[in-house]
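One-based numbering along the sequence shown. Note that the structure is a prediction, hence the values are computed from the model and not measured.
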Amino acid sequence: IYLINYIYIIYFVVMSDKKRSRVQTTKSTSKSSKILKTDEYVVDNVLQKLRVLRKTTEKKTNEGLLNLPSDIIEVEDLNSEDVCDRIADLVASIVSQIMNNNSFEYSIPSRSSTNQKYIEGIDRIVLGDKVSKRQFLNTAHVRKSAITTRVVQLVHEVLRKQIHITKRDLFYTDVKLFKDQTESDGVLDDVACVLGCTRTSLHVVASDKGLVVGRIQYLEDGDFIDCTKMGVGGKAIPPYVDKIDGIQSDAEFIILVEKEAAYMRLAEDRFYNKYPCIIITGKGQPDVATRLFLRKLRDQLNNIPILALVDSDPYGLKILSVYMSGSKQMSYDSNHLTTSDIKWLGIRPSDLDRYNLPAQCRLPLTDHDRKTR
């Protein structure tokens, strides 16, 4: 009798649970279908706006190329053979100077802040046409002249071997002469200016830093890369962007993320499956490879819209300006490193009062924040 009663109790409990679950399923199904419809509407609405943005971006990009000033220095993206020819011409002029004057000097485009200017029409920082002399017989210049000559020699060897090396590798080839990597790094930029080529044309690169994930496939030195199948963290952007070609994508836009944490959140959620996009991060201040890669995508994917998710503080805006207008250090190569008309996503300072955000969500600007530029 106890057993029969126990079975009856279980039966009624199970049947009531089934009935309850059917009711809940019906409600949740109708609710989820409404949410699904709403989500689909939002996605379609966003994509329509982005397609309009793509057309206006193409117009702005083409208009910005008109009427470049004549008093600026811009370098070219050259192949190894052309760079070697320019090195040969430079060495020939040095030999000629030594034979005629028993000494030599380099004419180096000045990369000081006084020779850098912002051109509003093209929205980027460029290098002026001022030149400084680096004389071997001048005691103030002799060491810098020796470092310059050594860097030219090492770059020529790298180009002849058709290999890439990092800036750190370059420094370690002659630690006694260079003493500090900042010296060899600075002279490397000087050599690029003298030869009139980009730093990547010298085959000396920085270590990889940036990441990419989402709806993009390409060939990297002949290897096929599909960034939807590179794991949760995505693919490291290689420092030798010149070896990337055959880019294919059905993405409607690119999300450029300042912080790696935000990038990982979007990547882990497979955000690019819901919104057809490419997600890129430079992990804070971007390296040259990430900036080159972003520009290459914009050029080869038919002016795809780029949306930047950065912090609403001086550091976030500085990072955004580096992507769009370039940096002072690399102003001579801003033509290849900048990507125009990036749209800023996220909260703006004006939103703090507009949406009545409480005081505990705000941080006062420090003196250090105000000096950030």
Side-chain angles (χ1 to χ4, degrees), residues 73-111 127 131-138 141-208 221-222 238-245 287-289 291-292 329-337:
I73 293 175
E74 291 201 315
V75 297
E76 301 175 82
D77 191 15
L78 302 176
N79 59 40
S80 302
E81 188 177 342
D82 290 337
V83 179
C84 284
D85 288 343
R86 293 194 180 190
I87 290 175
D89 292 340
L90 176 64
V91 173
S93 71
I94 290 173
V95 171
S96 177
Q97 290 180 59
I98 293 172
M99 292 177 68
N100 295 327
N101 307 316
N102 293 323
S103 182
F104 69 92
E105 66 180 21
Y106 289 103
S107 296
I108 310 283
S110 173
R111 295 189 296 111
L127 193 65
V131 175
S132 61
K133 300 293 184 181
R134 190 169 292 172
Q135 300 169 329
F136 183 70
L137 288 184
N138 187 325
H141 300 166
V142 61
R143 185 167 175 275
K144 209 68 175 284
S145 298
I147 292 174
T148 304
T149 306
R150 180 67 168 138
V151 168
V152 169
Q153 178 198 0
L154 293 171
V155 165
H156 189 258
E157 289 179 10
V158 168
L159 292 169
R160 275 180 43 234
K161 293 176 182 177
Q162 289 293 307
I163 60 173
H164 289 75
I165 63 170
T166 65
K167 293 193 293 181
R168 193 69 175 167
D169 291 333
L170 182 75
F171 165 68
Y172 275 122
T173 54
D174 204 334
V175 178
K176 285 187 178 180
L177 176 62
F178 298 144
K179 291 186 178 178
D180 190 271
Q181 189 179 335
T182 55
E183 292 202 63
S184 58
D185 287 354
V187 170
L188 184 67
D189 288 324
D190 289 340
V191 169
C193 286
V194 170
L195 297 176
C197 66
T198 63
R199 198 176 73 189
T200 50
S201 297
L202 303 178
H203 283 205
V204 183
V205 297
S207 300
D208 55 13
D221 199 20
Y240 31 83
V241 179
D242 55 312
K243 292 194 174 184
I244 292 177
D245 57 11
D287 59 332
V288 168
R291 292 160 65 187
L292 281 172
Q329 184 181 352
M330 301 291 292
S331 57
Y332 67 91
D333 195 13
S334 64
N335 183 35
H336 301 94
L337 293 175

Spacing of [atom1] belonging to [X] relative to [atom2] belonging to [Y], to within rounding of 0.5 Å:
| X | Y | atom1 | atom2 | result |
| --- | --- | --- | --- | --- |
| Leu78 | Thr198 | CG | OG1 | 7.0 Å |
| Glu74 | Ser334 | CD | OG | 5.5 Å |
| Ile244 | Leu292 | CD1 | CG | 9.5 Å |
| Arg291 | His336 | CZ | NE2 | 12.5 Å |
| Ser103 | Asn138 | OG | CG | 9.5 Å |
| Ile94 | Asp89 | CD1 | CG | 11.5 Å |

State, to 0.1 Å, how close [X] and [Y] come at their nearest heavy-atom pair, and which atoms those are.
| X | Y | answer |
| --- | --- | --- |
| Cys84 | Leu159 | SG-CB, 3.7 Å |
| Cys193 | Tyr332 | SG-CG, 3.4 Å |
| Val288 | Leu337 | CG1-CD2, 3.7 Å |

Is there a donor in the side chain of Gln162 and an acceptor in the side chain of Ser80, or the other way round, less than 3.5 Å apart? yes

Thr182-Asp180 side chain donor-acceptor pair, cut-off 3.5 Å: yes

Validation row: [X], [Y] side chains within 4.5 angstrom (heavy atoms):
| X | Y | value |
| --- | --- | --- |
| Thr200 | Val241 | no |
| Phe178 | Val187 | no |
| Pro239 | His164 | no |
| Pro109 | Leu127 | yes |
| Ser110 | Val131 | no |
| Val83 | His203 | no |
| Val152 | Ile87 | yes |
| Leu188 | Val155 | yes |

With a 3.5 Å distance limit and no angle check, can you tell me whether [X] reaches the backbone of [Y] through a side-chain donor-acceptor pair?
| X | Y | value |
| --- | --- | --- |
| His141 | Arg134 | no |
| Asn79 | Glu81 | yes |
| Arg143 | Leu177 | yes |
| Arg86 | Leu195 | yes |
| Ser132 | Ile108 | yes |

Which of these passes salt bridge (charged side-chain N to carboxylate O under 4.0 Å, His left out) with Arg199: Asp189, Asp185, Asp77? Asp189

Neighbour count >12 (heavy atoms, 6.0 Å) for atom [atom1], [X]:
| X | atom1 | value |
| --- | --- | --- |
| Phe136 | CZ | no |
| Lys243 | NZ | yes |
| Gln97 | CD | yes |

For Thr166 and Asp169, run side-chain hydrogen bond (donor to acceptor under 3.5 Å, both in side chains): C-alpha distance rounded to whole Å, both residues' side-chain angles, the deciding distance at 0.1 Å, then the answer. CA-CA 5 Å; Thr166 65; Asp169 291 333; 3.1 Å; yes

Taking the basic N atoms (NZ, or NE/NH1/NH2) and the acidic carboxylate oxygens, is any pair closer than 4.0 Å for Asp190 and Lys144? no

